[in-house]
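Beneath this line is the structure, given in structure tokens, with notes to follow.
Throughout, numbering of the chain's residues begins at 1 and tracks the sequence. Just so you know, ligand 1 is whichever comes first in the structure, and atom 1 is the first atom listed for that ligand. Since we're looking at a predicted model, the values are computed, not measured.
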Amino acid sequence: MKLTLYVDGASVGNPKRGGVGVVVCDDSGKVVTTYSAPLPQATNNEAEYHAVLEALRLAKKTGADELTLLSDSQLIMRQLNGTYKVRSPKLQKLHAEALALTRKFRRVTVEHIPRQKNGLANRLAQEAATQRVECRVQSVELEAKKKPLTEHAAPKTPPSVKIAPSILSADFRRLGEVIRELELAGADWVHFDVMDGRFVPNISFGLPVIEALRSETSLPFDVHLMVLEPERYIAGFVKGGADIVAVHPEATHHLHRAVALVKELGAKASVALNPATPLEVVRPILPMLNVVLVMSVDPGFAGQNFLPFVLDKVKTLRRWIDETGLPIELEMDGGVNANNASDCVAAGATVLVSASGIFQSGKSIAEAVQTLRQAAALSTRNCSGLQI
Ligand code: DX5
Ligand code: ZN
């Protein structure tokens, strides 16, 4: 069994008090366990090593044999890789302990990630250091400690349909918590509907909201720009934390240029097609795209009714994508809910966006995500998607 562990250590105050945060993800990238614990006096680097040690111990208990450890501490990751020397005797001891633990696994890979990708582990570590909370493990799996992790992991839609909740219908007073709940609920992406009041007849929110939420989760941010001249804002959104950026062809004079810009900046490119926009618009640039977003309502508002005629477009697009042989995601957005999710997947969708279907369903976020997943799983079309 293979696990990915995000680790972080924090050191705050004077005298220094430490905390560790670990987020354990299964093979499919779902969070299965979070762990946090306070530490007595610890420097940043010591706290970071303690986080690595706790991560390795947690992983050992699950029976995993292959691990990827991700941390935003370049120094520690390089020391573990053997590319940097460890000078302080205290760190040497922790380093040796960590190496000894890594040898208990068939394979351990250590990688450095940017801080904004390590948001959840970072928050857990900070909370443990500042609030001195007791050691806390949130996991069905580890509390049960009986069966291997995968047997309990959050139910996955076969085969790999992604759920991308749109926060447009969420409670805006508590967006930070909402994002963290989405991650724990097993959402795959978070969808942000940015509206300018010109391309669509509504204004939602912009870059500051995305920037503020970036540190709350490591989930990919799927940013749907419903704005005129998106090329003016693309760099800002990518810098602010967007992993995927969608633009509408009608909003720009130069669709290819806008898509190329997204890719040059290192993000994944998506084109969003309104219900009445012909698919032909994307055909020449399909191989450049990572995602095609098919709108199943006219954009501008959450809570509108799904337009079933869009399913025929999705079927055609599915064929075109399959012909390219590329892992291009086919995302549907607008009026998607548990009643039509299986139709969307049967037509060829690999990513389902839902705002009111999640946040206005009367269910908890976790239940709503799971219900949508299960509904989507009623269709078993085989799709091989993009790993972001
Ligand atoms: C529509 C947006 C959608 C919308 C979905 O303009 O692009 O993402 O928020 O909302 P629901 O799922 O409620 O139709
Ligand atoms: Zn959207």
Side-chain angles (χ1 to χ4, degrees), residues 161-172 175 178-179 182 185 187-207 209-210 213 219-228 230 233 237 242-251 262 268-277 289-311 313-314 329-345 349-363 365 368-369 371-373 375-376:
V161 171
K162 294 184 173 67
I163 305 293
S166 160
I167 60 151
L168 191 59
S169 301
D171 181 350
F172 279 18
L175 282 182
V178 166
I179 296 282
L182 284 174
D188 297 280
W189 297 353
V190 185
H191 186 84
F192 291 91
D193 287 304
V194 178
M195 302 181 185
D196 67 352
R198 296 183 66 218
F199 181 68
V200 289
N202 191 13
I203 297 176
S204 56
F205 50 77
L207 179 56
V209 171
I210 288 163
L213 294 172
L219 288 179
F221 277 10
D222 177 32
V223 177
H224 179 186
L225 295 180
M226 284 162 276
V227 303
L228 288 182
Y233 311 102
F237 279 102
D243 297 279
I244 306 150
V245 179
V247 296
H248 279 261
E250 300 86 349
V262 172
K268 309 285 181 201
S270 170
V271 170
L273 299 170
N274 284 344
T277 300
L289 300 181
N290 303 107
V291 182
V292 181
L293 193 167
V294 177
M295 295 298 307
S296 34
V297 297
D298 287 302
F301 302 93
Q304 302 179 80
N305 288 336
F306 182 84
L307 299 169
F309 72 82
V310 167
L311 290 170
K313 288 174 74 179
V314 171
E329 298 280 11
L330 203 172
E331 183 173 18
M332 287 190 71
D333 181 9
V336 175
N337 56 38
N339 297 327
N340 52 36
S342 67
D343 293 341
C344 298
V345 177
T350 57
V351 185
L352 301 179
V353 175
S354 181
S356 30
I358 301 283
F359 297 105
Q360 306 293 323
S361 63
K363 297 184 164 75
I365 289 178
V369 170
T371 305
L372 191 56
R373 250 186 211 296

- Query: Near G334, which atoms of ligand 1 are under 4.0 Å from a heavy atom of that residue?
  - Reply: 14 (O)

- Message: What I want to check is whether the side chains of H224 and D222 have a donor and an acceptor closer together than 3.5 Å.
- Response: no

- What do you reckon, does P299 have a nitrogen or oxygen under 3.5 Å from a nitrogen or oxygen of ligand 1? no

- With heavy atoms of M195 as the reference, note each atom of ligand 1 found under 4.0 Å away. 6 (O)

- Message: I'd like to check which ligand 1 atoms, numbered from 1 as shown, lie under 4.0 Å from a non-hydrogen atom of M226.
- Response: 6 (O), 7 (O)

- Message: Heavy-atom pairs closer than 4.0 Å: do any link ligand 1 to the side chain of Q360, the backbone, both, or neither?
- Response: neither

- Task: Report yes if some N/O of G335 lies less than 3.5 Å from some N/O of ligand 1; otherwise report no.
- Result: yes

- Task: Specify which N/O/S atom of D193 comes nearest to the Zn ion (ligand 2), by atom name.
- Result: OD1

- Could you tell me which N, O or S atom of H191 is nearest to the Zn ion (ligand 2)? NE2

- Backbone or side-chain N or O of M295 under 3.5 Å from ligand 1 N or O: no

- Closest non-hydrogen contact found for D193 with S204 is O-OG, 2.6 Å

- Message: Suppose I only count heavy atoms of H224 and a 4.0 Å limit; which atoms of ligand 1 are within that range?
- Response: 7 (O)

- Message: Below 3.5 Å, N or O to N or O, backbone or side chain included: is there any such pair between S356 and ligand 1?
- Response: yes

- Ranked by distance from atom 10 (O) of ligand 1, the top protein heavy atom is A355 CB, 3.2 Å

- Taking only heavy atoms of F301, which atoms of ligand 1 are found under 4.0 Å from at least one of them? 1 (C), 6 (O)

- Task: Flag D298 as yes when one of its N or O atoms lies below 3.5 Å from any N or O atom of ligand 1, and as no otherwise.
- Result: no

- Region of S166 that comes within reach of ligand 1 [heavy atoms, distance under 4.0 Å]: side chain

- Locate the shortest heavy-atom distance separating S166 from F359; write the atom from each residue and the value. O-CE1, 3.1 Å

- Query: Any idea which heavy atoms bring L219 and L182 closest together, and the distance?
  - Reply: CD1-C, 4.3 Å

- Query: Between V200 and P299, what is the shortest heavy-atom contact and its length?
  - Reply: CG1-O, 3.5 Å

- Query: Near S354, which atoms of ligand 1 are under 4.0 Å from a heavy atom of that residue?
  - Reply: 12 (O)

- Query: Given side chains that start at C-beta, do those of E250 and N274 come closer than 4.5 Å, heavy atoms only?
  - Reply: yes

- Any N or O of D193 that comes nearer than 3.5 Å to an N or O of ligand 1? yes

- Among N, O or S atoms, D333 approaches the Zn ion (ligand 2) most closely through OD2

- Note on the structure: closest protein heavy atom to atom 6 (O) of ligand 1 is G300 N, 2.6 Å

- Closest approach of any protein heavy atom to atom 3 (C) of ligand 1, naming residue and atom: D333 OD1, 2.9 Å

